[in-house]
Amino acid sequence: MNDQAESGFLTRRNFATVLAASAAAPAVAARQTAPPNPNPSPQPPPPRRSGPPPEVPPFQAPIEFARKDVPAKVQPFPMTQVKLLPSPFAEAAGWNRGYIECLPADRLLYNFRANAGLPAGSVQPFGGWEAKADGKHATELRGHFTGHFLSASAQLYASAGDREAKAKADEIVAELAKCQQKLGGGYLSAFPTELFDRLDSLSGRPRDPDPNAPQLPWAPFYTIHKIMAGLFDMYTLAGNQDALKVVEGMADWADRWTGSKTEEHMQEILNVEYGGMAEVLYNLAAATNNDRWAKAGDRHTKKRFVNPLASRRDELRPLHVNTHIPQVIAAARRYEISGDMRFHDVADFFFYEVTNARTYVTGGTSNGEAWLGQPRQLAAELKMSVSTAECCCSYNMLKLARHLYGWTADPRYFDYYERALLNHRIGTIQPKTGHTQYYLSLTPGAWKTFNTEDQSFWCCTGTGVEEYSKLNDSIYWHDDDGLYVNLFIASELNWPEKGFRLRQDTQFPDQPRTALTVTVDKPVHLAVRLRIPSWLSSGPTVKVNGKALEATASPGSYLTLTRTWKKGDRVEMELPMQLHIEAMPDDPKVQAILYGPLVLAGDLGADGLTEEMITGPMGLRVQRLPIEVPTFRAASADPASWIKPGDKPLTFRTTGQRKDVTLAPLNSIFDRRYAVYWQVA
Ligand SMILES: [Zn+2]
């Protein structure tokens, strides 16, 4: 046998067994000897920094930018090299594409043209958070969705070669360039600079109790970031050179505006939601080799937020979640282009703390858009609002996970990634319409709500169109030696530099297995590393060309197959799922039930639900439609003793309860009331 299998990360888990098998070290039948996995839940890697935390706040020292790129350990394949095959992921991508197609360019441009004093035509402006400038319900976030739309269109072009999406987005870029010229060549938005005047003059002052007095604007830099990111994506993913010119004009304006403030005043300004301004400026600095943009990005470092994180302290309560995750993504990017370890530590500790201490079983975080409680008090926090787990927060946590994984190649980041992707991303897009959710409520008795076609445009509608236009991203990563298979999604990978193609055939998670088939022009020697998910109860069976390997690897590591690959070589891996329980950290009686990586929800029926309650509302009014949620008595610690397979695949039914309930994956439940967390005695 010329396969060489070895497990990764042997020292990180006390139950890992040495599984090296090579010509020198005969294969060990580790599958029979590996102890059962005691903890099938995702455990994030601990912070890489240890020892006493710094005594002086790390960001007290000046922030000075000097470009020094930190090489990534592993990189994702570009989306142009990975194609989705038919699967629930491809289906979701198709629904999203349909939604993107039905939004006309003129409506996406309406507020920009109106703001620039250009004819906006006779089209009907959008409503919701994109409501028009002169309307009764004008919102100060208008224009944000157009930025997301450009990002989504650029990704559709990269991921699926969608020329129609690119043509519409190219047209929008050209029209935005005209608006920018009319506004002086730098500033570009769907709202006037008056919002920035208010931001400048009112930041740091006590709020005026007079409702007629000028108030702080909603979040002007948040919106500017979305537009800049959309233009940047159109440049990098869709090759639109004009988009680069427009975004550089905006960066010039942002640099001048922020550069005219004292640092103390900028810190006050940063108390108003601004999201990922620094991230797009760092990306622009890296892409254009112009440090000026990075220095402008540095002015968006909110010291009150990053100092505790760089000192490994959780002071996240009661912060607004989704304005802060993008700041951490920016910190990750800042580390990558400078090597400044302070920024590394911010991202590293934040991810660990949020996923370990502030994340629900679905991979979602936040409650009423904020972190309302102390860490590891999630049962208590769950009672504080029904608006749990805002979708754009999961979108951004996945984005952050990609950075951290790129630095380390630690598969535990993908345990989290898979959990959030399967339970909080797939399943929050409405079949056929492609409309998406704001919150994925975990309040027992909740139901899923979705945006309207053109009267919502929440933050999560924006990240939603982005998310489902890049579902082929991050399935496969690589270094110089070989590739990493991180997600079990039917897809094809093309790696022309190595003359290597891989087809993954799987119906995962409907079927607990995957199969990889290699196509090469001539034999290629490289390593294929299979992620062994942490939710497996033991090392899985892996076959190469029909022959079972004698070695396997522990859950939460990689199985590395290093060999000379020939055309038609085939790898099959079984991924058997089991029922398991995850209890709340602060109340062991509050429990969620999982099957492998899938969070199960109990079907509580559809009585009283109407179309108006499902389409349109941002959040739920569970209290207006109370429902009795059953409680359970567990027959034993093993959930399989009282939860039995149902009559359909992936469904189950409780047994022996006062009121038995049918359970199904949360991602499959629509137009029904459900419960994820139960009181279990
Ligand atoms: Zn949101």
Side-chain angles (χ1 to χ4, degrees), residues 13-16 31 34-44 355-356 359-364 376 378-379 382 411-412 414-424 427 442 444 488 508-513 531-541 552 554-557 573-602 631-646 649-657 660-669 674-681:
R13 292 193 162 225
N14 54 13
F15 54 86
R31 205 162 356 97
N37 182 4
N39 191 350
S41 303
Q43 303 289 308
T355 57
N356 188 48
T359 292
Y360 295 103
V361 64
T362 52
R376 297 169 192 81
L378 286 165
L382 185 58
R412 288 174 288 183
F414 268 90
D415 285 333
Y416 164 79
Y417 197 102
E418 178 185 67
R419 178 68 70 88
L421 186 67
L422 288 176
N423 298 292
H424 195 191
L442 296 173
F488 311 117
F508 184 84
D510 293 349
Q511 302 280 331
R513 64 188 59 87
R531 182 178 142 256
I532 310 298
S534 67
W535 48 262
L536 285 169
S537 59
S538 60
T541 302
T552 182
S554 298
S557 70
M573 179 160 70
E574 293 293 321
L575 295 159
M577 298 185 194
Q578 291 184 337
L579 288 168
H580 58 111
I581 297 287
E582 272 185 35
M584 284 290 203
D586 52 332
D587 188 347
K589 289 201 178 86
V590 179
Q591 299 180 357
I593 303 160
L594 296 96
Y595 186 59
L598 296 167
V599 173
L600 300 180
T631 58
F632 297 142
R633 292 191 78 82
S636 79
D638 178 5
S641 66
W642 60 280
I643 301 169
K644 302 295 177 189
L650 299 181
T651 66
F652 297 87
R653 183 118 178 122
T654 63
T655 59
Q657 308 300 318
D660 280 310
V661 171
T662 296
L663 300 159
L666 174 63
N667 68 18
S668 70
I669 294 203
Y674 60 80
V676 166
Y677 284 108
W678 310 89
Q679 284 285 340
V680 183

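Side-chain atoms of Thr359 never come within 3.5 Å of backbone atoms of Asn356 as a donor-acceptor pair (strictly under, hydrogens ignored). A donor-acceptor distance shorter than 3.5 angstrom exists from the side chain of Gln591 to the backbone of Pro588, with no hydrogens or angles considered. Of the possible donor and acceptor atoms, none in the side chain of His580 sits under 3.5 Å from a partner among the backbone N and O of Ile593. With hydrogens and angles ignored, the 3.5 Å screen pairs no side-chain donor or acceptor of Tyr677 with any backbone N or O of Tyr360. No donor-acceptor distance shorter than 3.5 angstrom exists from the side chain of Tyr595 to the backbone of Leu600, with no hydrogens or angles considered. Checking side-chain atoms of Thr355 against main-chain N and O of Pro44 turns up no donor-acceptor pair under 3.5 Å. With hydrogens and angles ignored, the 3.5 Å screen pairs a side-chain donor or acceptor of Asn423 with a backbone N or O of Val599. A donor-acceptor pair under 3.5 Å is absent between the side-chain atoms of Asp587 and the main chain of Ala379, judged by distance alone. Without hydrogens or angle criteria, Asp660 side chain to Thr655 main chain gives a donor-acceptor distance under 3.5 Å. Side-chain N or O atoms of Thr552 include one that pairs as donor or acceptor with a backbone N or O of Pro540 at under 3.5 Å.
For Arg419, the salt bridge (charged side-chain N to carboxylate O under 4.0 Å, His left out) partners are Glu582, not counting sequence neighbours. Remark: Arg633 pairs with no residue by the side chain to side chain donor-acceptor pair (under 3.5 Å) rule, at least two apart or across chains. Partners of Tyr674 according to the ring-ring contact (aromatic ring centres under 6.0 Å, His included) rule, which considers only residues two or more places apart in sequence or in another chain, do not exist here.
Between the CG atom of Leu650 and the OG atom of Ser668 there is a distance of 8.0 Å, given to the nearest 0.5 Å. In this structure, the separation between CG on Leu598 and OG1 on Thr362 is 12.5 Å, given to the nearest 0.5 Å. The CZ atom of Arg653 sits 12.0 Å away from atom CD1 of Ile643, with the distance rounded to the nearest 0.5 Å.
For Lys644, the NZ atom counts as densely surrounded, since its 6.0 Å shell holds more than 12 non-hydrogen atoms of other residues, nucleotides or ligands.
In plain terms, the two heavy atoms of Pro555 and Pro533 that are nearest each other are CB-O, 3.4 Å. For the residue pair Pro597 and Phe508, the shortest heavy atom distance occurs at CG-CZ, 4.0 Å.
The aromatic rings of Trp678 and Phe632 lie tilted to each other, with the angle between the two planes from 30° to 60°.
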